[in-house]
Amino acid sequence: MKPSLPILLSVNGGYVDAAGFLALHGLFTTHVTGNFVTLGAALVLGTSGALAKTLALPLFASLCLVSGS
């Protein structure tokens, strides 16, 4: 049975998201809403990492503008 392209893309996207989340110690690489959810949890629970999660989107957008993407 040959896997279809949507299944392969879904698996690849999930892998990239999970690997990035683990490598960056809780910072999502592909989902902005995930960073905001974990930011809210960090603020409510008083855990570390709130600054990185707060700066993730503005920093990404700034670098895209600077690079011309």
Side-chain angles (χ1 to χ4, degrees):
M1 181 173 176
K2 184 177 174 184
S4 66
L5 183 60
I7 292 172
L8 290 175
L9 292 175
S10 297
V11 170
N12 186 44
Y15 171 77
V16 168
D17 196 27
F21 182 80
L22 294 173
L24 296 173
H25 305 288
L27 184 66
F28 287 95
T29 57
T30 57
H31 297 292
V32 172
T33 54
N35 288 328
F36 289 131
V37 168
T38 56
L39 170 64
L43 292 174
V44 169
L45 299 174
T47 58
S48 64
L51 180 62
K53 292 174 178 87
T54 303
L55 295 176
L57 182 61
L59 186 61
F60 173 75
S62 300
L63 291 174
C64 285
L65 288 172
V66 170
S67 70
S69 294

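Just so it is clear, the values below take in all heavy atoms, side chains as well, and ignore hydrogens, waters and symmetry mates.
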What is the minimum heavy-atom distance between S48 and A42, and which atoms define it?
O-CB, 4.3 Å

Go through the structure and list residues passing side-chain contact (heavy atoms from CB on, under 4.5 Å) with S4, not counting sequence neighbours.
P6, I7

Is L8 isolated, or which residues cluster with it under the ILVMFWY side-chain rule of less than 4.5 Å, directly or via members?
none

Excluding sequence neighbours, so at least two apart, what forms side-chain contact (heavy atoms from CB on, under 4.5 Å) with A52?
none

Group every Ile, Leu, Val, Met, Phe, Trp and Tyr by side-chain heavy-atom contacts under 4.5 Å, then state whether L57 and L43 land in the same group.
yes

T54 meets the side-chain contact (heavy atoms from CB on, under 4.5 Å) criterion, sequence neighbours left out, with L39

Sequence-distant partners of L55, side-chain contact (heavy atoms from CB on, under 4.5 Å), two or more places apart:
L51

Please give the remaining members of the hydrophobic cluster of L5, linking ILVMFWY side chains under 4.5 Å, ordered by chain and number.
L9

Value for CZ (F60) from CG (L65), rounded to nearest 0.5 Å, stands at 10.0 Å

